[in-house]
Number of protein chains: 2
Amino acid sequence: MNKTRTSIVDIAHAAGVSKSTVSLVLQGSPLVNEKTREKVNALIGDLGYVYNRGAANLRQSRSKIIGIVVNDLTNSFFAELAVGMDMMVQSAGYVQFLAHSGESVDRQREVISSMRENGIAGLILSPARGTEASDIKPLADSGIPVVLVVRNVPGAKVSTLLSDNYAGAKAAIRHLISLGHRRIAFMGGFADTAVFGERLRGYRDALAEANIPINEKFVIHSAPSRAGGVAAVERMMDFAERPTSALCLNDAVAFGVCDGLRSNNIEPGKGFGIVGFDDVIEAKTAVPALTTVSVDPQGMGQRAAQLVLKQINAGQTDPESIVTSVRLVVRQSCGAPVKQLEELA
Amino acid sequence: MNKTRTSIVDIAHAAGVSKSTVSLVLQGSPLVNEKTREKVNALIGDLGYVYNRGAANLRQSRSKIIGIVVNDLTNSFFAELAVGMDMMVQSAGYVQFLAHSGESVDRQREVISSMRENGIAGLILSPARGTEASDIKPLADSGIPVVLVVRNVPGAKVSTLLSDNYAGAKAAIRHLISLGHRRIAFMGGFADTAVFGERLRGYRDALAEANIPINEKFVIHSAPSRAGGVAAVERMMDFAERPTSALCLNDAVAFGVCDGLRSNNIEPGKGFGIVGFDDVIEAKTAVPALTTVSVDPQGMGQRAAQLVLKQINAGQTDPESIVTSVRLVVRQSCGAPVKQLEELA
DNA sequence: CTTTTAATTTGGAACGTTCCAAAAAACAAG
DNA sequence: CTTGTTTTTTGGAACGTTCCAAATTAAAAG
């Protein structure tokens, strides 16, 4: 109903002080006298004043807004990542523009440029497939800290926070080998992402280490989703010599593989060993509980937020590359007894 | 590297025109001469100018920012809801503050007040459990359109967009009855939410309609999550006379129920009929594919965004209450042949 | 070449803050 | 009562836009 929002000068007028004093009160300055502070604070409540952070941002030419762009919010791994960031960002007194690129680089470009116009202080980006260094260059050049999470972008000179995909995959394969498996597949994903490449490399190296020859047919490409997991199993059923177990690109694929096996009357975890990757929240409660490489997306989100906040506060700093460690959580789906392996650095 | 961001007056100076003219160009006004427009646009590219939307917002005292608060992003129903909103919001040229309240009203309050300080033009809220009318009153009073989605808040005089929980539950139960079930449970959820109440009411009425007496033991409360579904089954296994099927509060619970049945060696969809609610993306590909009441969260998100955008553009309008229709999607988990029932109003 | 009309351009105030240098007030010491 | 010190308060400029009324320029008409 108010024609015009009440401002700092309205309360200054009501309190019989200057707008500067009110401003001082607002920022909790120790310079102001206790009595005037009280008077002003009372008026703030009474007149229903709401602080205009936009005006402050303009004057100070810095904002308390962090941009977050996530490639796929409907994937629970990324949703949890976003939640982790959200926690950190909020508790640092910032707000976030959180957008979903849906794996579209065009969309991502639009969103980033819009965030830029709105004056973000930093950006956390979980890049869409196909993102190029040029997509983030202008931002970084203008001095806005950028942190890349989960996926890297070749050639980008910004900070990154990636999980140790190589070590995780290697640990998973070693475990399957220790259970006696020799015909081990790698399911899900396409060759165009760094994540896929690193995990596959871990798979290959672990097999080589155990002197198990690699059967290229056992690397089964498919969409990195639940449906992709089903598809991969269908493909596998045609093989003359079938694998006895599989490492999946991520948990979504692993669940799909379980589904696919069931519709072929194979009991996941009994007739076939499955290891996922990511340790999404449902991994624990699924039946069979999923053996998986735990990445702790929420924790990763928090670290990413901390990193960008640190860079914002420090002014410009050199890009930092962090690889977060990962651990294999052994549950039922690989057919092993339940126990937690210790953290592997 | 730039000490100071280049502004409208910098390019005005470079182009030898006034800042007003540049402003006109920026807003695509037809008043400006084609040649000057070109000159200005060229300079904008060359000098790497980026529009400062914050300054514009300040001057115009309206923004292009929409606040979205979601109670639980890690639940894929809400994640998809958010994605639907995101699409609509972006394509209308707005950006969004998207925050996750984690079902905490305190958190939600903080987040809303922070959004208010940052000058949102409208708010879409999927409220945390326990939200009260007073939590949104100040916003609504100051003329900012608010749209409540999925859950209602008693006493709040704002627009709402809810799905037809009652009709959906009723349709689901009728279907189970038509398949010959008589002992039907209702699993998941607690009595303190409106959604639970409405779905339960549909359950009761459908049973009453068929003259099936209601066994209060068959309403099994539990957390509205996958783990809650497992827990509900455990509870059920102790019953002397067990249900033969269940309507679950939502799909997450339904998946949990499948898990729980399997660990008791009951095959979901064969030994026990299950119907979910929401139709999340995995419902289709799960094994068995989940029979569920489809709510189309993404579509709902879009409609919510449209509604709030409409209200923003229309200035202040009266609150509007929309109930979105819902349809039963019959898949495998209830043991029926696959077919789609038509939309029920 | 003047007048009228239409097309373009332009200062400057305003939006709600912060920040600075400086003024005012309060207090203490001589 | 001065003077010096400390505490508190204060105008006014600035941030980067938009918007208005008015000025300037170009085109058309006479």
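Atom set for the values below is all heavy atoms of this structure, side chains included, hydrogens, waters and symmetry mates excluded. In what follows, chains are A, B, ... by sequence order, proteins preceding strands, each numbered from 1.
Among the nucleotides dG11(C), dT17(C), dT8(D), the one closest to any side-chain atom of S7(A) is dT17(C). Counting only heavy atoms from C-beta on, I8(A) has its side chain closest to dT17(C) among dT9(C), dT18(D), dT17(C). Among the nucleotides dT17(C), dG16(D), dG11(C), the one closest to any side-chain atom of L58(A) is dG16(D). Among dT10(D), dT9(C), dT18(D), the nucleotide with an atom closest to any side-chain atom of N33(B) is dT9(C). For V17(A), counting side-chain heavy atoms from C-beta on, the closest listed nucleotide (dT10(C), dT10(D), dG16(C)) is dT10(D).
Pairing each heavy atom of S101(B) with each of A128(B), the nearest pair is OG-CB, 3.8 Å.
Of the charged side-chain nitrogens involved, none lies within less than 4.0 Å of a carboxylate oxygen, so that E38(A) and K35(A) do not count as a salt-bridged pair. Electrostatic pairing of E320(A) and R303(A) does not count as a salt bridge here, judged by no charged N lying under 4.0 Å from a carboxylate O.
Regarding N52(B), its CG atom lies at a distance of 18 Å from the P atom of dC15(C), rounded to whole Å.
Listed by residue number, there are no residues of residues 109-119 of chain A with a heavy-atom contact under 4.0 Å to DNA chain D.
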B/S/- contact track for nucleotides 19-25 of chain C, protein heavy atom under 4.0 Å
B------
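Screening T324(B), I322(B), N152(B) against L162(B) for a side chain to side chain contact (heavy atoms under 4.5 Å, CB included) leaves a single residue, N152(B).
One finds a side-chain N or O of T36(A) lying less than 4.0 angstrom from the OP1 or OP2 phosphate oxygen of dT9(D).
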